[in-house]
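Let me begin by presenting the structure, written as structure tokens, before commenting on it.
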Amino acid sequence: MTDLATTTGGSLAIRPDQTDWTPDQSAVLQQSGIDNDVTGAELSAFLHLCQRTQLDPFSRQIYLIGRWNGQQRRKVFTPQTSIDGYRVIAHRVIAEHGGNLGYEDTLWCDKSGQWHDVWLSDEPPAAAKVVVVRNGQRFPAVARYSEYVQTKKDGSTTGMWSKMPATMTAKCAEALALRMAFPHDLAGVYTAEEMAQADNPQPERHLRTVQQGEPDPWATAADAQHFVAKAEACTTADCAVDVYRQAQQAGADDLVLTAIRQIGQELRAAERAPAPEPEVVEGVVVEDVQLPTDEHAAAVAAYRAFTAEHGITPADAEQQAYTALGAPLADVAPKAIWDLLTQLQAA
């Protein structure tokens, strides 16, 4: 196995047992655009993610992007990679653990619902479909152009989305499919192609008084049902995490986010349920899911006890941790949870 420490030499090498960024590493990260708005919890979670994915932040294989969050009134930093980074991880897992990896032909859908194996129109497709095949099992994913396209203030497309809309939509679909095929290896990190829409300008909202009994003109019941339906169709917790992020970026209300989060928690609990014996599928041994360590359980318990003591509901506490750490508590390193708790205690 290729160790992450060999990826970058000298003082920038990340050791597998490293628990914090060194001064040299921190200096380079600051030069790469990570400013003082980043929290200790976000940096700790980023280090854990680099170690788990074996992607090198100093070679720009993975990086932190800060975006203004109106609810927290600060920049929130999210780890990102490119579709190439996803492919590196997928091929590395196959090389280390055996098996095979392949793709079916990419398909694009027009506005009438017809699928095409090549996109020749100058108009962007309505959606793209990519099927990843791992060890004979199909992992299909569909990405809608409207959900991922990056736009300017006037609504026109920008960047590569204006030049290669079919390619960019297909990359988003491939990222979704790869994350379903490699949920443990790709959890918690998203591609730049998927996250480009997070920089889209938000429409200006003019406030006015809503009279009792009058429907809220900004209510988006159809969108809410769309997100909840997408989450209910998920078969993995990471798929539900994707839907949660999409709903959050679309400004969905707390009821919708809570419903999606509960679906994700149920899927995560099902994934963590220990099997009596490892299952053999076509000669491939499906390993037992690792349960959280005692240290992780202690960190989660301390965080939940603190939030409960300060009148924060369990649902709000989970959402606060999800927003700050970029992943569910079950997928975050204990040190990142302790760092978040320390920040809350000092506030």
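- No side-chain heavy atom of Leu29 sits under 4.5 Å from any side-chain heavy atom of Leu64.
- By the 4.5 Å heavy-atom criterion applied to side chains, Thr78 and Arg245 are counted as neighbours.
- Distance CG/Leu47 to CH2/Trp21: 5.0 Å, rounded to 0.5 Å.
- Judged by distance alone, the side chain of Asn135 and the main-chain N or O of Asn100 form a donor-acceptor pair under 3.5 Å.
- You'll find the side chain of Asp339 stays beyond 4.5 Å of the side chain of Glu42, heavy atoms only.
- Within 6.0 Å of NZ in Lys335 there are more than 12 heavy atoms belonging to other residues, nucleotides or ligands.
- For the pair Ala143 and Ala173, the tightest heavy-atom approach, listed with the atom from each and the gap, is CB-N, 3.6 Å.
- With hydrophobic clusters built from ILVMFWY side chains whose heavy atoms lie under 4.5 angstrom apart, Val28 shares a cluster with Val38.
- Counting only heavy atoms from C-beta outward, the side chains of His116 and Asp110 approach each other to under 4.5 Å.
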Stepwise side-chain contact (heavy atoms from CB on, under 4.5 Å) check, Trp119 with Thr106: CA-CA 10 Å; Trp119 190 256; Thr106 300; over 6 Å; no

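- We find the SG-CG distance between Cys239 and Leu176 to be 8.0 Å, quoted to the nearest 0.5 Å.
- In this structure, Ser44 contributes its side chain and Gly40 its backbone to a donor-acceptor pair below 3.5 Å.
- Side-chain contact between Arg179 and Phe139: absent, with no pair of heavy atoms (C-beta onward) separated by less than 4.5 Å.
- At a threshold of 4.5 Å between non-hydrogen side-chain atoms, the residues Arg74 and Thr39 count as touching.
- Atom CG of Asp122 is surrounded by 12 or fewer heavy atoms from other residues, nucleotides or ligands within 6.0 Å.
- Remark: Phe306 CZ to Ile312 CD1 distance equals 7.0 Å, nearest 0.5 Å.
- Under a 3.5 Å cut-off, the side chain of Gln61 and the backbone N or O of Thr81 do not form any donor-acceptor pair.
- To the nearest 0.5 Å, atom CG of residue Asn36 and atom CD of residue Gln30 are 6.0 Å apart.
- Here CH2 of Trp161 is found 11.0 Å from OG1 of Thr151. Values are rounded to the nearest 0.5 Å.
- Taken together through direct or relayed side-chain contacts under 4.5 Å among Ile, Leu, Val, Met, Phe, Trp and Tyr, Val131 and Trp115 form parts of separate hydrophobic clusters.
- Summarising the geometry of Cys234 relative to Ala240, their closest heavy-atom pair is SG-N, 3.5 Å, with the distance given to 0.1 Å.
- In this structure, Ile62 is not a member of the same hydrophobic cluster as Val76, with clusters built from ILVMFWY side-chain heavy atoms closer than 4.5 Å.
- Val142 and Val130 fall into different hydrophobic clusters, defined by Ile, Leu, Val, Met, Phe, Trp and Tyr side-chain heavy atoms under 4.5 Å apart, directly or through other members.
- Nearest approach of Arg52 to Leu186, heavy atoms of both residues: NH1-N, 4.1 Å.
- In the hydrophobic clustering of ILVMFWY residues, with side-chain heavy atoms under 4.5 Å counting as a link, Ile14 and Leu49 come out together.
- Heavy-atom minimum distance, Pro57 versus Leu55: CD-O, 3.4 Å.
- Looking at heavy atoms from C-beta onward, Pro165 lies out of side-chain contact with Val149 at the 4.5 angstrom threshold.
- Between Phe77 and Asp37, the shortest heavy-atom contact is CE1-C, 3.8 Å.
- In this structure, Ile94 and Gly99 approach most closely via the heavy-atom pair CG2-O, 3.5 Å.
- Between the side chain of Arg134 and the main chain of Met180, no donor-acceptor pair closer than 3.5 Å is present.
- Ile89 CD1 to Phe182 CZ: the interatomic distance, rounded to the nearest 0.5 Å, is 10.0 Å.
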side-chain contact (heavy atoms from CB on, under 4.5 Å) assessment of Lys171 paired with Met164: CA-CA 11 Å; Lys171 286 183 177 181; Met164 299 186 298; 5.6 Å; no

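- Using a 4.5 Å heavy-atom threshold, the side chains of Tyr145 and Met168 count as separate.
- By the 4.0 Å N-to-carboxylate-O rule, Glu174 lies close enough to Arg87 to be salt-bridged with it.
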